[in-house]
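The structure appears below as structure tokens.
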Amino acid sequence: MKIEGKAVCIGPDIDTDIIIAGRYLRTKDRRIWSEHVLEDLDPTLAPRLEGAVIVAGSNFGCGSSREQAPVALKEAGVRCIVAPSFARIFYRNAINIGLPLAECEVSCHDGDLVSADLEAGIVEVSGKQYRTRPLSPRMLEILNAGGLVGLWKVKG
Amino acid sequence: MSTLSEQILRACEGEFVDRKVDRAYVHDGTGVLTLEAFEKISDHIENPGQTYVIFDHITPSNNSTTATLQAELREFALDRGLFFSDIGGGICHQVMGEDVVLPGEVVVGADSHTCTLGAFGAFATGVGATDMAAVWASGETWFRVPETIEVNLSGRLRGPAEAKDAALTYVGRLGMDGATYRALEFTGAGAGRLSMDERMTFCNLAVETGAKTGLFYADQVTCAYLAANGRTGTVQEQQDCRYERTIGIDLGDIVPVVAEPPRVDSVRPVADLEGLPLDQVFVGTCTNGRYEDLARFAAIVKGRKVSVRTIIAPASREVLKSAVNSGVAADLLEAGCTLLPPGCGPCIGMHMGVIGEGEICLSTANRNFRNRMGVGGQIYLASVATAAESALRGVLTEPGNAL
């Protein structure tokens, strides 16, 4: 799976309350989540996420198990998230809904072109290559099916 | 020789395993998305008798959108013969602890604080909605067996220090990602002296270090609690296993602490911040809404009046019944506290105690993230005794040593 996009850089310990606040959770309307994603971090961010690769600090997605967090990012157009580490429930949730993650630390600025090859385990930023912690074969299988629901439809 | 996680999952750390799930639960918040994902993959619930739907997050409902979403989930649960706990029953982790979970079980909950049930010697961890939908359909899920950090507890709590202070202290020492992908085991003579309510407080905060779960070995305290609730458990033995590392905490050294916003690991002695003006005090949640907590708060405020608005949410109907029967509830009301129905209360800023711009809430909950209880508000996390003394004075106050 190869992904490319412009970097949007944010800091460490981005919690799921910041990704999508509790006040927006009581709905099944995904547009509400994508419109308000990361609003409490930066209210101007959501429209800039279409086609973006988020490059974050460590412990991305800590806190609540709310699956609306990765869904909101994916619906807003985020193609991949690159971070040195992810909180584990967020990690599983993102893969399960088909949002690719790359676990590695990169040097990057807003707007830099970021490409990721998750099978090869490589992220490239401005011509420099970084090796990611590899996704397990099971995680890759889920991602390649577009998520766990997609995999269930194929395998039953 | 194996860690408790390895014993329960019957595999070595680092291995990926598929395991049958003994108990699977969702609440009204995560259950809606779980049902949506489930309907895309299956029409078959593998183990309806081991599948639990527990309403706690917005109970009673706050508006008609919430009510409609809850009605769909309620109808599904009743229709499929799932265990269903409606509004007023209490917080999912508390209800599962009171009624269901046993040592050695594999438990998944669609809530990050599912780790609370590690207090029973179960492998209990939070999952998201899609993972849970697959558990409903198949009765199993996959795990990567975690490495384990041992938190060795010695001594005993003294004076006004509580399990909550000790738990915030270990979160402060490990940091918010200090145990990511790992399990915590609480061991040592100090662990054996803690009540089940206190153990649940310890385990509840494990996820705030990034841990997959936190566990106590089931002992006589566990078995006595289970017996009092009509269940039978067996004692678990700690083996001579390999831990990734061990941190030691002498419970006798613990002092009252607060976690400053917006980080749970930003932990300082209450004494450093004494006098901070408060707009609201909140006592409750899966961290500190149990009977021992309410009784402790009542013992401090009894016969006096709180001087800041104070909200108390019992963690379950059983907790509320005990508080009513013992007179604790009357003491709280006499002191001027507002008693909420059992449930999560205002912890996630949805209803019944949302704070306003610039307001400060002292809370016994587990998260102080930015805007969590209300846009522009700040949350300081503390123990029940700190909350009680502070409620009386209206400012952050270190609880007295006379307790």
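- To the nearest 0.5 Å, atom CD1 of residue B:I45 and atom OG of residue B:S138 are 11.0 Å apart.
- The contact between B:R372 and chain A is made by backbone and side chain atoms together, counting heavy-atom distances below 4.5 Å.
- For B:V354, no part lies under 4.5 angstrom from a heavy atom of chain A.
- Of the listed residues (A:P12, A:S65, A:G147, A:S58), the one with the most heavy-atom contacts under 4.5 Å to chain B is A:S65.
- Listed options A:D15, A:N93, A:I18 were ranked by heavy-atom pairs under 4.5 angstrom with chain B; first place goes to A:D15.
- Contact count against chain A (heavy-atom pairs under 4.5 Å) is highest for B:D131 among B:D131, B:I348, B:T180.
- Within the 4.5 angstrom heavy-atom criterion, no atom of A:T16 approaches chain B.
- Heavy-atom distances place both the backbone and the side chain of A:N96 under 4.5 Å from chain B.
- Using a 4.0 Å cut-off between charged nitrogen and carboxylate oxygen, A:E4 and A:R79 do not count as a salt-bridge pair.
- Contact annotation for B:T125: only side-chain heavy atoms (C-beta onward) come within less than 4.5 Å of a heavy atom of chain A.
- Contacts between A:R66 and chain B at a heavy-atom distance below 4.5 Å involve the side chain alone, from C-beta outward.
- Interface residue B:A110: only backbone heavy atoms are found under 4.5 Å from chain A.
- Contact of A:F90 with chain B is not made at all, since no heavy-atom distance falls under 4.5 Å.
- Residue contact with chain A, scored on non-hydrogen atoms closer than 4.5 Å, involves the backbone and the side chain of B:M176 alike.
- In this structure, the portions of B:T130 lying under 4.5 Å from any heavy atom of chain A include both its backbone and its side chain.
- If you measure heavy-atom distances from B:E39 to chain A, you find no contacts under 4.5 Å at all.
- A salt bridge does not link B:R367 to A:D17: none of the charged nitrogens lies less than 4.0 Å from a carboxylate oxygen.
- The aromatic rings of A:F86 and A:F60 stand perpendicular to each other, their planes meeting at an angle above 60°, with 30° marking the opposite boundary.
- Top candidate by heavy-atom pairs under 4.5 Å with chain A, chosen from B:D111, B:N366, B:T66, B:T65, is B:D111.
- Going from atom CE of B:M373 over to atom CD of B:Q280 covers 5.0 Å, rounded to the nearest 0.5 Å.
- Of the atoms belonging to A:I89, it is side-chain heavy atoms, and not backbone ones, that fall under 4.5 Å from chain B.
- Between B:F143 and the options B:F16, B:F123, B:Y181, a ring pair (Phe, Tyr, Trp, His ring centres under 6.0 Å) holds for only B:F123.
- Looking at B:H57, the atoms closer than 4.5 Å to chain A (heavy atoms on both sides) all sit in the side chain, from C-beta outward.
- Within the 4.5 angstrom heavy-atom criterion, atoms from both the backbone and the side chain of B:I41 approach chain A.
- Taking B:G29, B:G128, B:A133 one by one and counting their heavy-atom pairs under 4.5 Å with chain A, the maximum is reached by B:G128.
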